[in-house]
Amino acid sequence: MYVMNIAIFVSGSGSNCENVIQYFSGSDKYCIALVVSSRADAYALERAKRLGVPSAVVPRSELNQPDTVLPLLCKHQIGFIVLAGFLPLIPDYLLDTFPHRIVNIHPALLPKYGGKGMWGHHVHEAVKAAGETETGITIHYVTPVCDGGEIIAQFSTTLTPEDTPDTIAEKVHLLEMKHFPQVLEGIFEQISR
Ligand code: GAR
């Protein structure tokens, strides 16, 4: 049976990465075959090791070198890339090699609170400062426009005036844990059909 190999790109803690690895660990169709980190000190690398998933460090400077990255992805027969807290911009050669096969999770309801500098806690601080009554997560295709690709799915959560950037982050985290793997599975199923 054909197995789709997936790479997860990370830069930080890797809680989404771990959740996705665990979700697909029993699958005979979809295999998280590689974790790529832009930082050597990302905790996500420890998670990958504990879960027995091969990993590699590709610093920002090397990401722009097709001769470094493509052989790595080829070696692991990667057919799809998931960005889960990955901070560098995806270079054009990767978008060309994986057309409609790179998705990102963003911790807000795009198009609000997206773009350069909008990642992690910065997003939740901006949401709080604007007095929003809701926030959420967006899963979208990756294009050359930062956080601008076609939206695949969004899930929202209600905010109260008492919420702080930290409690907003917790609410968003719950949404990510609940929905991200299932949305990915839906995308993979569609591709495999
Ligand atoms: C997640 O909340 C993800 O949505 C966000 O980074 C966090 C990574 O957490 N991504 C962005 O901000 C991208 N612009 P994790 O490393 O624990 O999965």
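Read the numbers this way: they start at 1 and go in the same order the structure lists the ligands and their atoms.
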With heavy atoms of Ser13 as the reference, note each atom of ligand 1 found under 4.0 Å away.
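Here the atoms of ligand 1 in question are 16 (O), 17 (O).
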Atoms of ligand 1, numbered as shown, that sit under 4.0 Å from any heavy atom of Met118:
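Those of ligand 1 that fall under 4.0 Å from Met118 are 14 (N).
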Verify, without hydrogens or angle tests, whether [X] (side chain) and [Y] (backbone) share a donor-acceptor contact under 3.5 angstrom.
| X | Y | value |
| --- | --- | --- |
| Asn19 | Met177 | yes |
| His179 | Gln154 | no |
| Glu134 | Leu159 | no |

What I want to know is whether [X] and ligand 1 share at least one N or O pair that is separated by under 3.5 angstrom.
| X | value |
| --- | --- |
| Asn104 | no |
| Asn16 | yes |
| Gly120 | yes |
| Ser15 | yes |

Please verify whether a non-hydrogen atom of Ile105 lies at under 4.0 Å from ligand 1.
yes
State if Gly14 counts as touching ligand 1 under the rule of any non-hydrogen atom under 4.0 Å.
yes
Where Leu109 and Ser156 come nearest, the two heavy atoms and their spacing
CD1-CB, 4.0 Å
Ring centre gap for Phe80 and Tyr30 strictly below 6.0 Å:
no
Do the side chains of Lys171 and Asp163 get close enough for a salt bridge, i.e. N-O under 4.0 angstrom?
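Answer for the salt bridge query: yes.
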Looking only at the side chains, is there a donor atom on one of Asn16 and His173 sitting less than 3.5 Å from an acceptor on the other?
no
If hydrogens are left out, which of Cys146, Gly117, Gly85 has an atom nearest to atom 8 (C) of ligand 1, that is, the closest non-hydrogen atom?
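When every heavy atom of Cys146, Gly117, Gly85 is considered, Gly85 comes closest to atom 8 (C) of ligand 1.
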